[in-house]
> 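First the structure, then my questions, so here it is.
Side chains are part of it too, since the values below use all heavy atoms of this structure and drop only hydrogens, waters and symmetry mates.
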Amino acid sequence: MTLDYSSIWGGEPATVTPARIRQDWEKLIGDFDATQHLLGNHLVTVDGERAELTAVFQAIHLLANRFGSPRWTLCGTYRIGLRLVEGAWKIDTVVMTAQWADGNKDILAIVSGGQRPEAA
């Protein structure tokens, strides 16, 4: 599937497996003291065996650290592409578009060991 967080990290969208996304997100999110990710205002459009879900999000990340604020908040939109496979909807594209942020983005570098996370 295609995972696109380029609005915040730059670069190009990544092609990754759902298992890899889960593995990466479990590691990254598990290293914070706390997180809260909220999605709202869901809108779904269906065109045959394709669908698109759009939603706004707010993601709060907390990590006590000696380099600044323990909080980083990111807000924006998600566009999630789906396809119908054997009677079940499967996600094949996730595009996150950051619209604003507040706080200490550096806490991502602390939890990821300085590596650019595929997603936050």
> For Q99 versus G76, what's the shortest heavy-atom pair and its separation?
OE1-CA, 3.6 Å

> Ignoring hydrogens, what is the shortest heavy-atom contact between T2 and P13? Give both atom names and the distance.
CG2-CB, 3.8 Å

> Name the residue from L63, V111, I107 that meets the side-chain contact (heavy atoms from CB on, under 4.5 Å) definition with D31.
V111

> Minimum heavy-atom separation for N104 and S69, please, with both atom names.
ND2-O, 2.9 Å

> Determine the minimum heavy-atom distance between M96 and Y5, stating which atoms define it.
CE-CD2, 3.3 Å

> Between R50 and R83, is any pair of side-chain heavy atoms under 4.5 Å apart?
yes

> For a quick test of reading the model, state the closest non-hydrogen atom pair linking L74 to A98 and the distance between them.
CD1-CB, 3.8 Å

> Quick check: do K105 and I8 have side-chain heavy atoms less than 4.5 Å from each other?
yes

> With a 4.5 Å cut-off on side-chain heavy-atom distances among I, L, V, M, F, W and Y, is there a chain of contacts connecting L53 to L38?
no

> Using salt bridge (charged side-chain N to carboxylate O under 4.0 Å, His left out) as the criterion, list what pairs up with R71, not counting sequence neighbours.
none

> In Å, rounded to the nearest 0.5 Å, how long is the span from OG1 of T97 to CG of D4?
7.0 Å

> Taking atom CZ of R20 as the centre, report whether more than 12 heavy atoms of other residues, nucleotides or ligands fall under 6.0 Å from it.
no

> Taking the side chain as every heavy atom from C-beta outward, state whether P70 and D33 have any atom pair closer than 4.5 Å.
no

> Does the side chain of E26 come within less than 4.5 Å of R22's, by heavy atoms?
yes

> Mind checking the CD-CG spacing from E49 to L82? Nearest 0.5 Å is all I need.
13.0 Å

> Short question: side chain of D106, backbone of A109 - any donor-acceptor pair under 3.5 Å?
no

> Report the distance from atom OG1 of T15 to atom CG of D92, rounding to the nearest 0.5 Å.
11.0 Å

> Mind checking whether I21 and I29 sit in one hydrophobic cluster, side chains of I, L, V, M, F, W, Y counted as touching below 4.5 Å?
yes

> Is there a side chain to side chain contact (heavy atoms under 4.5 Å, CB included) between V56 and C75 once you walk through the steps?
CA-CA 8 Å; V56 296; C75 296; over 6 Å; no

> Measuring from I80:CD1 to I91:CD1, what's the distance to the nearest 0.5 Å?
5.5 Å

> Can you name the side chain to side chain contact (heavy atoms under 4.5 Å, CB included) partners of R79, sequence neighbours left out?
E52, T54, V95

> Is T93 close to M1 at the side-chain level, that is, under 4.5 Å between some pair of heavy atoms?
no

> Taking only residues at least two apart or on different chains, which pairs with a member in residues 39-60 satisfy ring pair (Phe, Tyr, Trp, His ring centres under 6.0 Å)?
F57-Y78

> Rounded to the nearest 0.5 Å, how far does CZ of F32 lie from CG of L62?
9.0 Å

> Can you give me the closest heavy-atom contact between S6 and G11, atom names plus distance?
CB-O, 3.6 Å

